[in-house]
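Notes for the one structure printed next.
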Amino acid sequence: MAELESIKGIGPKLKIHLESIGIHDCFELLRRFPSRYEEFHIVPFAEAPDQTRVTLIATVINHPKVQYIRKNLSKVTFDVTADGHPLKVTIFNRPYIKNILSPKVTIVMTGSLDRLKHTFTATTLKLKVNFNNEIQPIYNVDKISDQRFQKLIREALTTYGYLLKDELPKQLREKYRLIDIYTLIEYAHHPSTNQELRQVTRRLKYEELFKFQFRMQYMRLKNKRKKVKEKAYHLDKIKAFIDTLPYELTPGQKQTTNEIIKDIKSPFVMNRLLQGDVGSGKTVVAAISIVAVLYADMQVALMAPTEILAKQHYQTFRQFFASLPFDVYLLHGKLKNKERTAILDEIRSDVPCLVVGTHALFSEDVLYHNLGYVITDEQHRFGVKQREKLRRKGITPDVLYMSATPIPRTLAISIYGDMDISTIKGKPKSRKPVETTLFKESNLDLVYKLMAEELNEGHQLYVVTPLIVESDTLQVKNAQHVYKRLSDYFKTYSVGLLHSKVDDDAKLEVMQLFYHQKIDILVSTTVIEVGVDVPNATMMIIMNAERFGLSQLHQLRGRVGRGDLKGYCLLIYDEASGNPERLNILEQTNNGFIISEEDLKTRGPGEFFGSKQSGVLAFKHADVLEDRDILSLARDDALTILKDKSTYTNSAYQPLYQYLKKTLKKGTFD
Ligand code: ADP
Ligand code: MG
């Protein structure tokens, strides 16, 4: 149906080429929209600006001359008059023009006018009789000229246009006054006014975001209907565990805990994101939910992105569960065979336990007796593959993702469309905001003075040197250099060093020394970013702060001011290479939600979410931030349709459901 070869102009060779760029039939051809448009708006000579792109109408007065300057470079010159003004026209690499132009012919030319020299350097040139569209679509299709591509589209439209089905239901088009599919194709490929282009953009943005939400919400609702083995936990025992905590839960912690354990009790599978600002206390919320599952006689796996972090989690949870009848195991790469076998035996037995580790938790040889719950850190979004692997083992666990970078809830709802979201609002009362100040590198003396004051109080400090992406070695050197300078300067204090070339055991040892206050200043690359908790550390100094993302800096300063002591963050920037204005927001606010949004704005979704997740957000027509209102409208619209069973059989919605079926089959998204 609608095969490419069935239209004029497409033979076997072109067909293969089109397929290689993702166009498999005429409908896909019609939906290959221009990547941009060029305007050729004819301007009277009197109003034509000098030395910028402009389009003029002119009459040729002599025969063009061709000069071959060298290989691949030729020049055509001829004279014209434009509104009576004589001009010498030059156009490069279009020798064939010589045969088209002759005196008295009227042309439309686009290029740059030089009023002083009376010359015109043309980039585009057309006979007036062929000039119909002032707005030219630019397709940028490999190996096919725009004119040829446009012709193919014309062919496809005349042959198959009547078969186009609108995947956007009429009810939505009317609601937002959007053009229908036929008009869209017509306007997008042959626009005659800017107004038409605006209508194209409006429809494409909404359609893209709506389809995204429709897929996501479909997945979410479908997952929610999946049954899991019910976890019959005991509320008394959970409460008893909460009573053992040395503090009262904040209202935000209470609310999210309730949301999560309600999901755990329900017979349907959980797929939930837990987010909250650094220091909002996510760990304990996770701990309570783990306890709930363990008391329901099921096993829990906690997955961390790195072994260091896994070890830290392991220690934290051992402490949490000290008075509980449950074992905690750490599964990591350096275990001796015997130890590993012993742990695997435990996991295979029917005693409920918590297993902490990296993605190795789901290796082939790890057989869970009764895995009911998986918690993962955001960096390791629990991929489709892992879920599929477990499903093949006959396990569909509840899943909780913990996010280190909080984003505004409205945005999170849209982006993590296939998940439910719990957001911890607020922080423990005892937590004082970290005071943040920017310093130029030339003011390092002042920084040393502030450091000395803090050290005199008996407090500890972190000094973080940047991740220099170009060179791992440089980064290490940089840290070593700072380490040496500080050791020389602060002779009476002990300085420690951590960087990526230090092996895991040594890293852990340095951390332990810092923890026990045997080290006063810890110089480090960003390895400490994750989860260390040393209440006596009160100052975070960050060198070359201009090299870090805002969220990362915010995360880093969250390492200080964790106890009762006030925390300080000094951001040192290199005035030569940096753009310190971006950093000002860190002085102004301690709210991670605001900061992450700013970060997202300045860095763009791809970089912000890391390459792995950026696929989800790489919209062609829409922009996650700018069009977030549309995104959230689209979400509501998608849910309304999916929840209304009558749409399943209503013919007006069939193209939409067919689209869904097609993309699900392709499985191109998580
Ligand atoms: P994050 O959300 O950044 O992961 P953590 O879970 O590491 O935060 O908690 C940060 C610190 O706050 C920890 O030292 C923890 O013991 C403490 N904390 C957590 N909840 C409370 C609370 N309700 N009251 C007081 N301190 C708390
Ligand atoms: Mg944490």
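On a predicted model such as this, the values are computed, not experimentally measured, just so you know. First listed ligand is number 1; within each ligand, the first listed atom is number 1.
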ring-ring contact (aromatic ring centres under 6.0 Å, His included) between Tyr314 and Tyr329, worked out: CA-CA 7 Å; Tyr314 171 69; Tyr329 301 108; 8.5 Å; no

Salt bridge (Lys or Arg N to Asp or Glu O under 4.0 Å) contacts touching residues 255-266 (sequence neighbours left out): Glu259-Arg272, Asp263-Arg272

Close side-chain approach of Met543 to Val464, heavy-atom, < 4.5 Å: no

Sole candidate of Gln253, Lys429, Lys254 that passes side-chain hydrogen bond (donor to acceptor under 3.5 Å, both in side chains) when paired with Glu248: Lys254

Aromatic centroids of Phe619 and Phe212 separated by under 6.0 Å: yes

Residue Thr283 vicinity, atoms of ligand 1 by number, heavy atom under 4.0 Å: 4 (O), 5 (P), 6 (O), 7 (O)

Within-shell test, Ser280 vs ligand 1, heavy atom, strictly < 4.0 Å: yes

Polar contact flag for Pro428 and ligand 1 (N/O pairs, less than 3.5 Å): no

Residue selection (non-hydrogen contact nearest atom 3 (O) of ligand 1) among Gly279, Pro246, Gly276: Gly279

Verdict with supporting geometry, Lys237 and Leu235, side chain to side chain contact (heavy atoms under 4.5 Å, CB included): CA-CA 5 Å; Lys237 290 192 167 146; Leu235 214 48; over 6 Å; no

Atoms in ligand 1 with a heavy atom of Gln253 nearer than 4.0 Å: 19 (C), 20 (N), 21 (C), 22 (C), 23 (N)

Enumerated ligand 1 atoms positioned under 4.0 Å from heavy atoms of Val278: 3 (O)

Ligand 1 contact by Leu245, heavy-atom criterion under 4.0 angstrom: no

Residue Thr250 vicinity, atoms of ligand 1 by number, heavy atom under 4.0 Å: 23 (N)

Side chain, backbone, both or neither: the part of Asp277 lying under 4.0 Å from ligand 1 by heavy atom: backbone

Contact partition for Leu249 relative to ligand 1, non-hydrogen atoms under 4.0 Å: backbone

Ligand 1 contact on Glu248 by region, counting heavy-atom pairs under 4.0 Å: backbone

Flag for Glu454-Thr538: side-chain donor and acceptor within less than 3.5 Å: yes

Name of the residue among Phe326, Phe241, Tyr373 meeting ring pair (Phe, Tyr, Trp, His ring centres under 6.0 Å) with Tyr295: Phe326

